[in-house]
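Quick notes on the structure that follows.
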Amino acid sequence: MSEDIIKEIENRMKEIEAAKAELWDKGQYEPMMEGEYWDCQIVLRQMKEGEGADVSDLQKKKQEGIIAAQQQQYKVAAE
């Protein structure tokens, strides 16, 4: 069962990556999708390494990614 969940999470991450590639330059990439991407990364690490896995680096990347997506939206809107 966890193998199915891992595949589903990996597929969702691919969908988000594709959306980001398509929407980033237009400023239409949703920051919450960036957050979801990193949440997927966090869950995968926890599934592979156990619930007590250190995910602080991924949480930091999540915050940075959300901020970058917001900044991109503002940048495009200001142009």
Side-chain angles (χ1 to χ4, degrees):
M1 180 166 112
S2 65
E3 204 171 294
D4 291 338
I5 294 170
I6 289 172
K7 285 184 180 185
E8 188 174 324
I9 291 170
E10 289 173 341
N11 285 339
R12 180 60 184 147
M13 288 171 53
K14 288 178 186 176
E15 291 172 0
I16 294 170
E17 288 169 349
K20 183 175 183 176
E22 180 182 331
L23 301 174
W24 183 266
D25 290 337
K26 300 175 192 173
Q28 297 174 349
Y29 180 64
E30 177 59 45
M32 294 311 295
M33 287 182 76
E34 184 71 6
E36 180 184 353
Y37 176 85
W38 289 106
D39 286 341
C40 289
Q41 290 278 13
I42 290 168
V43 170
L44 284 177
R45 182 176 290 174
Q46 290 173 331
M47 289 182 76
K48 292 177 182 177
E49 297 179 13
E51 207 170 300
D54 180 13
V55 295
S56 58
D57 62 322
L58 297 177
Q59 290 171 335
K60 182 179 179 190
K61 288 180 181 180
K62 176 183 174 181
Q63 290 298 328
E64 291 171 348
I66 290 171
I67 291 168
Q70 290 170 334
Q71 289 173 336
Q72 180 65 11
Q73 284 181 331
Y74 292 130
K75 177 184 170 188
V76 170
E79 291 178 351

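Atoms considered below: every heavy atom in the structure, side chains included; atoms not considered: hydrogens, waters and symmetry mates.
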Who are the salt bridge (charged side-chain N to carboxylate O under 4.0 Å, His left out) partners of E17, not counting sequence neighbours? none

For E15, which residues count as a side chain to side chain contact (heavy atoms under 4.5 Å, CB included) partner, sequence neighbours excluded? R12

What about L44 and M33, same hydrophobic cluster or not, with Ile/Leu/Val/Met/Phe/Trp/Tyr joined at side-chain heavy-atom distances under 4.5 Å? yes

Spacing of E36 atom CD and M32 atom CE [to the nearest 0.5 Å]: 9.0 Å

Salt bridge (charged side-chain N to carboxylate O under 4.0 Å, His left out) partners of residues 20-29, not counting sequence neighbours, each pair once: K20-E34

Find the distance between SG (C40) and CD1 (I6) and round it off to the nearest 0.5 Å. 12.0 Å

Quick one: which residue pairs count as a salt bridge (charged side-chain N to carboxylate O under 4.0 Å, His left out) with a foot in residues 60-70, not counting sequence neighbours? D39-K62, K60-E64

Looking only at heavy atoms, what is the nearest atom pair of A69 and P31, with distance? CB-CA, 3.8 Å

Among the clusters formed by ILVMFWY side chains lying less than 4.5 Å apart, do I5 and V55 turn up in the same one? yes

Tell me the ring-ring contact (aromatic ring centres under 6.0 Å, His included) pairs involving residues 25-58, sequence neighbours left out? W24-Y29

Should I66 and L23 be regarded as members of a common hydrophobic cluster, given that ILVMFWY residues are connected when their side-chain heavy atoms come within less than 4.5 Å of each other, either directly or indirectly? no

Distance check, rounded to the nearest 0.5 Å: Q46 atom CD versus Q41 atom CD? 12.0 Å

Of all pairs that satisfy salt bridge (charged side-chain N to carboxylate O under 4.0 Å, His left out), the ones with a partner from residues 41-52, not counting sequence neighbours: R45-D57

